[in-house]
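Heads up: the structure comes next, in structure tokens.
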Amino acid sequence: MAFEYAPAPESTAIVDIRASYGLFVNGEFTDPVDGTPFKVINPATEEVLAEVVEAGPTDVDQAVRAARAAYQDVWSRLSGADRAKYLYRIARIIQERSREIAVLESIDNGKPIRESRDFDIPLAAAHFFYHAGWADKLPHAGLGPNPRPLGVAAQVIPWNFPLLMLAWKIAPALACGNTVVLKPAETTPLTALLFGEICQQADLPSGVVNIVTGAGATGRALVEHEDVDKVAFTGSTEVGRAIARAAAGSHKKLTLELGGKAANIVFDDAALDQAVEGIVNGIFFNQGHVCCAGSRLLVQESVADELLGKLKRRMALLRVGDPLDKNTDIGAINSSAQLDRIRELSEVGDFEGAERWTAPCPLPDRGFWFAPTIFTGVSQAHRIAREEIFGPVLSVLTFRTPAEAVEKANNTPYGLSAGVWTEKGSRILWLADRLRAGVVWANTFNQFDPASPFGGYKESGYGREGGRHGLEAYLA
Ligand code: NDP
């Protein structure tokens, strides 16, 4: 039975969005030198939220210079214990301002407030707490008795988890003694700019963190700047490849966290209702804008019909709509460009002969929306089984034996994550040994912890973020 819900909108009164923003360079919000303004919109309403700067090469250069000076004069000279104090302070301010940040994140990104409030922002704070703990213990990280910072880190992040990706990048860099210039995604710069304010509030020394907003050209100017020592990128495999080519032969240390096409594998002995929750969480969390999304469901043939029946019933209960409504399960697609990409690949699915089923849910008139969708009758050759759709679209394939499940799961150029649903512990271990994926979740999906390293194989990139392994990316 479907319940009727009254709207439960989160108030926006706590958020103060300015009409326009400068760049955050050397501890101040500054006017651009050769940047140009562009507008940021709310993907759920298409309303303009603010005007921000597309930073030009001179702006990027100034930010890198500020980071270099802060590195040489201040940050690399502080003891780990002193750096930790700043990281703890930032973590606590994120917690104190968490409601404000969550509302801003949902307005800017389109994700449900339930997710930004309960997942993105608490986990961002947790990353700062976790890395604060490491700052004075680096000689015990297993990287030698005296690991050294690299210098200036250029960090480029995507739009799917704006503040969380910022935290994944900035917290370890700072803990290890590096300074940072970060470029948020073009469509989601507002929480990164708010983070600039948080750095001011935490009295972080000027230039240790710099935020340059902009689009692809700004990102490129940043990662190709000669005076950066480290490049950390999360985004599409295509851009990741271009960055790797540009960095080849230079002194820059590189980590890439790229796409995925994860298999979520359900065996006939699995608790099917629990698996359905995991499948829904795996592909519809954050509108499917998740690099490790369980976008390929591999279900054992003998339970396929039963599982799909349960899945469709569950999907029909998902509430799509206003990201600020606390009852919303699925929010807005982040941009019209991304919506076009999702529509296009879904049409390819139709064309290739897969069968589309869409949850019967009303969609708002304005904004960018895509109803939760599954494709059955998908074969491994179909593009929707191979390419990252990065939206709320699940491709369903079947298998008969565990060996076939492994073969199909690994038949992808990616290798970021996988899920396994079975009652048998021995089978979980057997599969985990054979799946070429950085993370394998067993009877759960999309679990994250700052202490646990995250990263991929093959075209999903290289390097790890989080945990002791993630420190290696920021130390020499
Ligand atoms: P991009 O890879 O283009 O964007 C990621 C970040 O890189 C953004 O900040 C972007 O800026 C920046 N950027 C773009 N071009 C360059 C460049 N040449 N040099 C340096 N930085 C650059 O992803 P899109 O947002 O265009 O999304 C396209 C597809 O990529 C999605 O449909 C999805 O499949 C995949 N994707 C995967 C992600 C993941 O986590 N694995 C995350 C995001 C996307 P700007 O925002 O201005 O484009």
Side-chain angles (χ1 to χ4, degrees), residues 35-36 38-41 43 52-55 57 60 108-109 111 154-162 164-166 168-169 181-190 192 211-225 228 231-247 252 254-262 285-293 295 333-346 368 370 383-384 386-393 412-417 438-439 446 448 454-456 458-463 465:
T36 47
F38 71 94
K39 291 182 170 53
V40 179
I41 61 163
V52 303
V53 176
E54 176 165 2
V60 169
D108 196 17
N109 170 280
K111 64 174 68 206
Q155 306 183 318
V156 175
I157 56 171
W159 41 264
N160 52 345
F161 295 96
L164 182 57
M165 287 301 105
L166 173 150
W168 278 33
K169 296 274 181 286
V181 181
L182 176 132
K183 190 198 87 68
E186 180 184 359
T187 55
T188 55
L190 297 186
I211 310 284
V212 290
T213 50
T218 307
R220 191 165 168 189
L222 174 57
V223 299
E224 293 185 1
H225 195 289
V228 304
V231 172
F233 171 80
T234 298
S236 64
T237 299
E238 190 192 350
V239 174
R241 268 203 208 107
I243 290 175
R245 269 198 301 274
K252 295 172 191 170
L254 180 64
T255 36
L256 300 173
E257 204 266 88
L258 308 175
K261 192 75 190 176
F285 174 60
N286 200 29
Q287 297 73 246
H289 302 326
V290 184
C291 48
C292 54
S295 52
I333 300 303
N334 180 250
S335 64
S336 66
Q338 188 59 26
L339 181 58
D340 289 345
R341 230 170 269 146
I342 297 168
R343 284 187 176 145
E344 191 188 312
L345 266 172
S346 301
F368 315 128
F370 197 90
R383 276 179 66 194
I384 53 167
R386 290 185 284 122
E387 294 179 27
E388 187 173 43
I389 301 176
F390 225 62
V393 181
T412 165
Y414 295 111
L416 198 52
S417 63
V439 185
N446 276 340
F448 300 91
F454 183 86
K458 302 190 279 185
E459 287 188 15
S460 290
Y462 44 84
E465 293 189 288

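No hydrogens, no waters, no symmetry mates; every other heavy atom, side chains included, goes into these values. Just so you know, residue 1 is the first one in the sequence shown, and it goes up from there. Just so you know, ligand 1 is whichever comes first in the structure, and atom 1 is the first atom listed for that ligand.
Under the side-chain contact (heavy atoms from CB on, under 4.5 Å) criterion, L258 pairs with F233, T237, L256, sequence neighbours left out. For I41, the side-chain contact (heavy atoms from CB on, under 4.5 Å) criterion is met by V48, F368, not counting sequence neighbours. Taking the side chain to side chain donor-acceptor pair (under 3.5 Å) definition, one finds that E224 meets it with R220, sequence neighbours left out.
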Does ligand 1 have any N/O pairs with the protein under 3.5 Å, and how far apart?
from: ligand 1; atom 1: 2 (O); to: S236; atom 2: N; distance (Å): 2.8
from: ligand 1; atom 1: 2 (O); to: S236; atom 2: OG; distance (Å): 2.7
from: ligand 1; atom 1: 9 (O); to: I157; atom 2: O; distance (Å): 2.8
from: ligand 1; atom 1: 9 (O); to: K183; atom 2: NZ; distance (Å): 3.1
from: ligand 1; atom 1: 11 (O); to: K183; atom 2: NZ; distance (Å): 3.1
from: ligand 1; atom 1: 19 (N); to: R220; atom 2: N; distance (Å): 3.4
from: ligand 1; atom 1: 25 (O); to: W159; atom 2: NE1; distance (Å): 2.6
from: ligand 1; atom 1: 27 (O); to: R341; atom 2: NH1; distance (Å): 3.3
from: ligand 1; atom 1: 32 (O); to: Q338; atom 2: OE1; distance (Å): 3.0
from: ligand 1; atom 1: 32 (O); to: Q338; atom 2: NE2; distance (Å): 3.2
from: ligand 1; atom 1: 32 (O); to: R341; atom 2: NH1; distance (Å): 3.1
from: ligand 1; atom 1: 34 (O); to: E388; atom 2: OE1; distance (Å): 3.1
from: ligand 1; atom 1: 41 (N); to: G235; atom 2: O; distance (Å): 3.4
from: ligand 1; atom 1: 41 (N); to: L258; atom 2: O; distance (Å): 2.9
from: ligand 1; atom 1: 46 (O); to: E186; atom 2: N; distance (Å): 2.8
from: ligand 1; atom 1: 47 (O); to: E186; atom 2: OE1; distance (Å): 3.2
from: ligand 1; atom 1: 47 (O); to: G216; atom 2: N; distance (Å): 3.2

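The shortest distance between side-chain heavy atoms of V290 and F161 falls below 4.5 Å.
Annotation: the span from N334 atom CG to T188 atom OG1 amounts to 6.0 Å, rounded to 0.5 Å.
Between the side chains of T412 and K458, no donor N or O sits under 3.5 Å from an acceptor N or O.
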